[in-house]
Amino acid sequence: MEGEVFYPSTEVVSQAVLKDWEKTAAYALGDLSGFWAKEAGELEWFQPCEQVLDDSNKPFFKWFVGGKVNITHNAVDRHLKTYRKNKLALIWESEDGKCDRSFSYYALNREVCRMANIIKAMGIVRGDRVTIYMGRVPEIVFAMLACAKIGAIHSVVFGGFSVDALQGRIADSQSKLIITCDGSLQNGKLVELKRIVDDSLRHCPTVENVVVVKRSGHEVPMEAMRDHWYHDLCALPIANGKCATEVMDAEDPLFILYTSGSTGTPKAIMHTHGGYMVGTYSTLKYVFDITDEDRFWCTADPGWITGHSYIVYGPLLNGATVFIFEGGPSYPYPNRWWQLIERYGISIFYTAPTAIRGLMRFGDAWPNKHDLSSLRLLGSVGEPINPEAWKWFYHVIGRGKCPIMDTWWQTETGAFMITPTPVVPLKPGSGTRPFFGQVAEIVDEAGNPVEVGAEGFLVLTRPWPAMMRTLYGDDERYVKSYWSKYPGKYMTGDSARCDKDGYYWIIGRVDDVIKVSGHRLGTAEVESALITHPAVAESAAIGLPHEVKGQAIFCYVQLNPGFDPHEDLSEELRQHVSQHLGPIARPEEIRFIDKLPKTRSGKIMRRVLKARAQGLPEGDLSTLEE
Ligand code: WTA
């Protein structure tokens, strides 16, 4: 094989659930339905499906047609009939480390039933949307599983988003119920979630009730009739006792999750009970090799797809023990995560390149203070990992004995798409090869395959169970955004290259999506937040390379008459974006410009701005307006 290769040790191979990668890959490619039918067969169905894959109406694929199922039945209920009843499902530690809580599968079921009974009492029925806007607390997991249990569609909004983002997502989903916390803690600072909900609800007439979980304990106004403390509701007789799990069609919606696209408002990605369940179960089983002895920690937030698939659903479907930490990597000290790995005996640790790069800067002494010998597998997700960070993760954290699963996937794909399993030889910075049953291609603008090793657009050519089914309420945009440029092929929006060994190397987004510290943001969202400030006439947001964050947001702003460019205004605008869209979207830098470069048809030429900001050649300017 070409380049630097890390081969798995005999110990890793002997332990792996799946030893023969090539054989399984060949089988799945030859019999896609057969492979997925077998995976689905490891889970419980109220009624088996009649057809594994229905591709008669492309690109509206259907999986496990006719099957009756519920994802919560498989993530929780089914374990209660086994020894797992007494096994730990969830372990949680607070940011300040003063509080930990743990739940067996039996206790998890009790909590999910309680939450589900309360959601039902709020008038929510099958198919209704419920917005969940919380910090990283166990109740967010209960809320998601409870919605699924009763057939309601959850729409989780990341707790790091602010008023504009939340309001837009509540309004678009027409949620009737919001589940939130009074506040959450981030690096010792209070994020006033309930106040942000109150501000958002001024323009969201569909919302009838707000359930508030007490976490921070600070004073929050409660609106009579609309707002209810969760602990008060729990004390009512309706909250207690069992709650039946709804029998759902495999293709019924499970959740929507808003994600940034290339243009316009965020897209409501829709996933289903059946396919998403089989996809997350199977990918986690093979890639992270979950066994009953493992303690799995995915450091993402449940508000992003990584949290949905690999904090909540994937691990619980596998009957694993999940660890959730409320805080971030380096508060109060840069050893916080390493301390937690030691304290809880974490064996599989899945995180993001930005966090690895950030922690690497603090030096080896912090991790070296801790016994990290419980670790056996590591994982990376969210953006390309640079070889330097990969090797630090491998040698310093994994002590040279833990393979790194670099998993490439997207909100839209629901589950891992290009990823190794523990037995696959690794090359730092490559996600290796497509997951079982999948074929990836690198094509040029016209859709023709490029030469081996050349850069091009990454497309996927085969359907998979966990694929999004549509954009909720907008089939047309679904087809246009993903399936129209290269008919019959799924357009990922990423550029990549594939080497002689068939290993894929992701380069980055080719659209207007920015990945800031692994968080997916759209230039359009940042620009709409800026435009609400009276000084701003027009603006253009771009993503520029950043040493730790991967990418950082950089904005060019054209001011309205009467406003002068100065440092205070620049700071005010950054603050404005942070308040409206969320602290994660705070621009790194604002630059004032007299006139934005545009094409004659009025489109902002971001390519030119990007080049200009980095002092690079501005390329072909022939389409630039006079
Ligand atoms: C990027 C996150 C390189 C990619 C799961 C993709 C990655 C976008 C990787 C989706 C990886 C994700 N290596 N790039 N291992 N994983 N990406 O929807 O650009 O938040 O298109 O899903 O993240 O971001 P999303």
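Residue numbers start at 1 and run along the sequence shown. Ligands are counted one by one from 1 in listed order, and the atoms in each one are counted from 1 as well.
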Asks: Should K267 and E525 count as an ion pair when the cut-off is N to O under 4.0 Å?
Replies: no

Asks: Check this for me, if you would: do E589 and R574 make a salt bridge, where the nitrogen-to-carboxylate-oxygen distance has to be below 4.0 angstrom?
Replies: no

Asks: What pairs of residues pass the side chain to side chain donor-acceptor pair (under 3.5 Å) test when at least one of them lies in residues 439-449, not counting sequence neighbours?
Replies: E441-K489, E445-K485

Asks: Which protein residues have a heavy atom closer than 4.0 Å to any atom of ligand 1, listed by chain and number?
Replies: I305, T306, V381, G382, E383, P384, D406, T407, W408, W409, Q410, T411, D494, I506, R509, K515, R520

Asks: Tell me every residue that passes side chain to side chain donor-acceptor pair (under 3.5 Å) with Y133, counting only those two or more places apart in sequence or in another chain.
Replies: none

Asks: Between T407 and T419, is the side-chain hydrogen bond (donor to acceptor under 3.5 Å, both in side chains) condition met? List the steps.
Replies: CA-CA 5 Å; T407 60; T419 174; 5.6 Å; no

Asks: With F362, which residues qualify under side chain to side chain contact (heavy atoms under 4.5 Å, CB included), at least two apart?
Replies: S330, P334, L359, W366

